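Computed from a prediction, not measured in an experiment: that's the story for all the values here. Every chain is numbered from 1, with letters handed out A, B, ... down the list of sequences.
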Amino acid sequence: MTKSKEWPLWEVFIRGQHGMSHRHVGSLHAVDAEHAIKNARDVYTRRNEGVSIWVVEAENISASSPSDKGPLYEPARDKVYRHPTFYDLPEEAGNM
Amino acid sequence: MSEQTNHLFEFLLRQGDNALVLGHRTSQWCGVGPALEEDIALANTALDLIGQTQLWLGYAAEVEGNNRSANDLAFLRDAYDFRNILMMEVPNEDFGRTLMRQFMFDTYQVPWLTELQNSSNERVAAIAAKSVKEARYHLERSRETVIALGDGTEESNSRMQNALDYLWPYCGEIFGADEVDHAMSEQGVAPVPSTLKGTWRACVERALSEAFLVIPNSEFAHSGGRTGFRHTEHLGHMLATMQTLQRSYPGAEW
Amino acid sequence: MYAQMVKSTGKGVQALEDMSPQDRAFQERIDRGEKIEPKDWMPDAYRKNLIRQIGQHAHSEIVGQLPEGNWITRAPTLERKANLLAKVQDEAGHGLYLYCAAETLGVSRDELFEMLHCGKMKYSSIFNYPTLTWADMGAVGWLVDGAAIMNQVPLQRTSYGPYARAMVRICKEESFHQRQGYHIMIKMAKEGTADQKRMAQDAFNRFWYPALMMFGPSDKDSVHSAQSMAWKIKMNTNDELRQKFVDETVPQAKFLSLTVPDERLMFNEETGHYDYSEPDWNEFMDVISGNGPCNTDRLEARKKAWREGSWVREGMMAHADKKAQCKIAAE
């Protein structure tokens, strides 16, 4: 039997009810973007999970490589002043 | 039952039985679809149709006033009491015929249910309002699939053409205009189905030409399903399977 | 479990100090509870084991659609039909999530299907048993899904990120499956007619030992199992999970007034657990090696669906390719 071409893989992102950003929920196979959106609706929103769907073909995603983990993320680690808990405020100042 | 209630009851059975029988046929795909994604999508369609069945037959049972439930109507009537169009009951055969049938039906259901939302009967309007959203999505999906497979490969085109040739003579039955239809129209419950034929035909032609499929040159239409006068042989087998538990163990609850 | 009898390719667990620096760093990441992600370096054996395990798990989901799918057209009420259909549909979804997780390891879904079809990859033994009455829908949901959940809940913490995330989604969705089955059993075994009670006991008799087999043979001495546990792709021993299953299921059976088909079954005050009879491991080996009651039919059904679906997959792909060509031409 000749091997037929496999449907490409798509990554699916869904924005839920509560105004959060689109979140990666999983992948699926589809012949094109339209088909991928329909499949995503059928596969990933069976329980009312989403109000907006993004799909992107997996091979079009550019990803940072794991060996860059150090240079990419560590510089942020010591910038504790970006986090609210860095600033000790007296209780009298109230909730801030 | 007064004549007026009887007409409404018949009308509701037609809606409910179409959903029941097509839902049953569609559910037969679960686990054996051509791809996991399609398997899941077909199950969603079947689930929508089962849900619609519960609403239509539930209301039909109330109208009948005979202490029967939606389940009694689904599982304890024999073939001659079913009011679905014949197209719903013919076997799935292959994915092509299943989707072609779905497309033919959806193309009708969308304008039909859209109209029913304005029904003078509030219950009918409410059921239609819920169902039309589902039908719109079914149509999007079945239409795209019919076009894709008609265009796709030589084999997929010829399978879709076969499906169309087989189903075409069953399409005409959708557009009835009998006593029940006229009664519903006079009461403002629903339009006469035959008035939607033009809209339906135009949508079908547009999609099928995109799909490189040729509509058979025949206006012949089988009938007998929506009146219950003469179903196909297939319905009896379907019901034998579907009703087996209710028939074998009368009165048992599940 | 759904990945019973996954043979590890490792040669037992090496001590950290005997490992190469790369292997050691990898093991230390796992020991710290870090997740391994697709592009991270990983030992070949880890990758291979995971492909087998996730693949087998995925195959079990889609072959597992068949025994329950057998009753969708005969469900006794519209509600039951919808519940069962939704459940079997979920199994297709779970298969899909798992195939996608396996794909991140460099194997395609089609390749995995081929390995299933030619018998190179297995699926859980449980799905080679027939579903003969409606009570089997109860027994399968209650016992088979119950056993599966026991294995899947801890797997949410497995070391491989995509696998763990698939398991999180699966566990969330599965929560209704076991209840759905038990609900059927309540209706039949507790509230039902004499016929229904008989069907319920019969289904329980037929599924009890096959359910115990789902956890796989005792793994006390298995080096494979030890390696998988070190890699955190297996979280508990087979015996631990089986015991937990027995302890939870026996009281549920009592509530249903069903008799566990095991004369030796007894609560052991000392251990605080039930003592029970081992399933017939010869039967298990038969089922695993292809001689279960339904092996041939199940595999044939999968192959038929795949074969008969090929024109659809090809047709849709061809259409999308043509559309893309037109778009390029138009630009």
Peer 1: Pick one of side chain, backbone, both or neither for B:Met238, based on which atoms fall under 4.5 Å of a heavy atom in chain C.
Peer 2: neither
Peer 1: Counting only heavy atoms not in C:Lys120, do more than 12 sit closer than 6.0 Å to its NZ atom?
Peer 2: no
Peer 1: Counting heavy atoms not belonging to C:Arg198, are there more than 12 under 6.0 Å from its CZ?
Peer 2: no
Peer 1: Taking side chain as C-beta onward, heavy atoms only, is B:Thr244 less than 4.5 Å from C:Trp134?
Peer 2: no
Peer 1: Which bit of B:Ile147 is near chain C, if near means a heavy-atom gap under 4.5 Å: side chain, backbone, both or neither?
Peer 2: both
Peer 1: For C:Thr193 and B:Ala252, which heavy atoms make the closest approach, and how far apart are they?
Peer 2: CG2-CB, 4.3 Å
Peer 1: Should we count CZ of C:Arg179 as having more than 12 external heavy atoms under 6.0 Å?
Peer 2: no
Peer 1: Determine the option with the most heavy-atom pairs under 4.5 angstrom with chain B, choosing from C:Met188, C:Glu68, C:Glu191, C:Met199.
Peer 2: C:Met199
Peer 1: Do other residues, nucleotides or ligands put more than 12 heavy atoms under 6.0 Å from B:His234 NE2?
Peer 2: yes
Peer 1: Can you tell me if NZ on C:Lys304 sees more than 12 non-hydrogen neighbours from other groups inside 6.0 Å?
Peer 2: no
Peer 1: How close do B:Cys30 and C:Gln89 get, heavy atom to heavy atom, and via which atoms?
Peer 2: SG-N, 4.1 Å
Peer 1: Do side-chain atoms of C:Lys81 reach the backbone of B:Ile50 as a donor and acceptor pair under 3.5 angstrom?
Peer 2: no
Peer 1: If I take atom CD1 from residue C:Ile72 and atom OG1 from residue B:Thr26, how far apart are they, to the nearest 0.5 angstrom?
Peer 2: 11.5 Å
Peer 1: Measure the spacing between CD of B:Glu144 and CE of C:Met316 and express it to the nearest 0.5 Å.
Peer 2: 9.0 Å
Peer 1: Using 0.5 Å steps for rounding, measure from the CD atom of C:Glu91 to the CG atom of B:Asp39.
Peer 2: 11.0 Å
Peer 1: Compute whether any side-chain donor of one residue and acceptor of the other, for C:Gln196 and B:Glu253, lie under 3.5 angstrom apart.
Peer 2: no
Peer 1: Locate the shortest heavy-atom distance separating B:Leu36 from C:Ala92; write the atom from each residue and the value.
Peer 2: CD2-O, 3.9 Å
Peer 1: If I compare all heavy atoms of C:Leu85 with all of B:Ala46, which pair ends up nearest, and what's the gap?
Peer 2: CD2-CB, 3.6 Å
Peer 1: Nearest 0.5 Å please: distance from the CG atom of C:Leu78 over to the CG atom of B:Leu73.
Peer 2: 9.5 Å
Peer 1: Do you know which of B:Asn71, B:Thr53, B:Asn44, B:Thr153 has the most heavy-atom pairs with chain C at a distance under 4.5 angstrom?
Peer 2: B:Asn71
Peer 1: Identify which part of B:Glu38 has an atom lying under 4.5 Å from any heavy atom of chain C, answering side chain, backbone, both or neither.
Peer 2: side chain
Peer 1: B:Leu57, B:Asp94, B:Leu149, B:Val32: which one forms the most heavy-atom pairs within less than 4.5 Å of chain C?
Peer 2: B:Leu149
Peer 1: Contact part of B:Arg25 toward chain C, heavy-atom cut-off under 4.5 Å: side chain, backbone, both or neither?
Peer 2: neither
Peer 1: Report which part of C:Ala320 has an atom under 4.5 Å of a heavy atom belonging to chain B: side chain, backbone, both, or neither.
Peer 2: neither
Peer 1: Indicate the atoms forming the closest heavy-atom contact of C:Ala82 with B:Leu47, along with that distance.
Peer 2: O-CD2, 3.4 Å
Peer 1: Shortest non-hydrogen contact from C:Pro76 to B:Gln246?
Peer 2: O-NE2, 2.8 Å
Peer 1: Below 4.5 Å, heavy-atom pairs only: which of C:Asp90, C:Leu96, C:Val88, C:Thr77 has the largest tally toward chain B?
Peer 2: C:Thr77
Peer 1: Where on B:Ser27 is there a heavy atom nearer than 4.5 Å to chain C: the side chain, the backbone, both, or neither?
Peer 2: both
Peer 1: With only heavy atoms counted, which part of C:Arg74 is less than 4.5 Å from chain B, the side chain, the backbone, both or neither?
Peer 2: both
